[in-house]
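Reading through the structure tokens given below for one structure.
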Amino acid sequence: MPGVTARAPRGKAAHGKTELPPRWRLSAGDYVVAMDVTRDGSLCAIGTGAGTVLAVDMQTGAVRWRTEAHPNGILALGFSPSGARLATCGQDEKARIFDLSGALLAELPGGASWVEQVAWAPGGEHLATGSGRTVRVWTERGEPVVETEPLPSTVAALAWRADRAELAAACYGGVYLWSVGAGATSRHLAWQGSLVSMAWSPDGKVIACGSQDRSVHFWRLSTGQDSEMQGYPAKPKALAWDAQSRLLATGGAPAVTVWDFSGKGPEGTRPIELEGHQGTCVQLAFSPRKGVLASGAQDQGVLLWEPRRTAKPVRYAFLEGEVTALAWHPAHAGLLGADAAGTVVFWQVE
């Protein structure tokens, strides 16, 4: 894997490129754990380590409302596809669903002391929660649909297939999948290791997972064939697919490693290595509209890349602490970033 490269001093051009101009900036008051943006780009939700959720106007940066959603801290959150509901979970025994005014609509018991995962189905008709070793599926109103048998270990990640009602959960021992619409029939993609992250390709053909053993493991779902990329200096918790399901960007090192899944796939090929961060890359997000990748690192830096065109960063910005969350405006009109100091910035991209 690539080594460390120097960071440009704050306020000066990095790699000869221009700094991203901020549209607005605010303090969330505590470590930012999670963020999400509605599909229409009008509202973002920010969850903090103190358990607060802030709903912020994306145009102005004004806080529309805030609520103490989980007393001991947020762990995950996400808007429903329609944008009408916000699901949250944290270090207590329940997930919660709020409307866009901040009113509490439902409390969903997790069955363990923490609820660590929430994930909306692509159509918004279901919400999945992960708590301990159990996955539960609910209606959008918070009514129970199904509960899985306990998995071998704690659920590390949840993801829905983009084109149908199939749900995946990663944990020690591999990935488990359920066809919720067919009565929760399941299948198992076995692997003897502890998985720490998961990203399902937008075309639904590949599931990739970061592993505790500092590798990235992936399965082709049509055949069940699995492969592995090894040699990361840290656990690759950050994974991101581009909109065409061609490129998979992975963290776990100061350099961002990008694997090309077009054609016969990445096996036997050399990845694209994007060098520019000083600290380990811990956040990745592809723009939903263009082939632009945003990366955030422990060095407080945020870099933009066009990996199909060049291996050098094209824009840059800095936060006040380790980058803890990145989220694109759905129309590629800007990039939202947050850090461990509670700083949230929305940068103008176009």
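Only this structure's heavy atoms are used, side chains among them; waters, hydrogens and symmetry mates stay out.
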Can you list everything that forms a side chain to side chain donor-acceptor pair (under 3.5 Å) with [X]? Sequence neighbours excluded, please.
X      : result
Trp191 : His217
Asp99  : Ser101
Gln212 : none
Gln59  : Arg23

Identify each donor-acceptor pair in which a side-chain atom of residues 281-288 lies under 3.5 Å from a protein atom, sequence neighbours left out, and give them as a table.
residue, atom, partner, partner atom, Å
Gln283, NE2, Thr324, O, 2.9
Ser287, OG, Arg289, N, 3.3
Ser287, OG, Lys290, N, 3.4
Ser287, OG, His332, ND1, 2.6

Apply side chain to side chain contact (heavy atoms under 4.5 Å, CB included) to [X] and list each qualifying residue two or more places apart in sequence or on a separate chain.
X      : result
Glu149 : none
Ala341 : Glu320, Asp339, Thr343
Thr48  : Ala28, Asp30, Ala50, Thr52, Leu54

Fill in: Partners meeting salt bridge (Lys or Arg N to Asp or Glu O under 4.0 Å) with Lys237 (sequence neighbours left out)
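Expected list: none.
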Worksheet item: Does Asp36 have any salt bridge (Lys or Arg N to Asp or Glu O under 4.0 Å) partners at least two apart in sequence or in another chain, and if so, which?
Response: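 Result, salt bridge (Lys or Arg N to Asp or Glu O under 4.0 Å) vs Asp36: none returned.
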Please output the side-chain donor-acceptor pairs of residues 150-157 that fall under 3.5 Å, not counting sequence neighbours, one pair per line with the distance.
residue, atom, partner, partner atom, Å
Ser153, OG, Tyr172, N, 2.8

Item to complete: Calculate, to the nearest 0.5 Å, the distance between atoms CG and CG belonging to Leu304 and Leu20 respectively.
Response: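 The CG atom of Leu304 sits 5.0 Å away from the CG atom of Leu20.
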Practice prompt. Hey, could you give me each pair passing salt bridge (charged side-chain N to carboxylate O under 4.0 Å, His left out) that has a residue in residues 216-235? Not counting sequence neighbours.
Written response: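 For residues 216-235, and leaving out neighbouring residues, the salt bridge (charged side-chain N to carboxylate O under 4.0 Å, His left out) pairs sorted by first residue read Arg220-Glu267.
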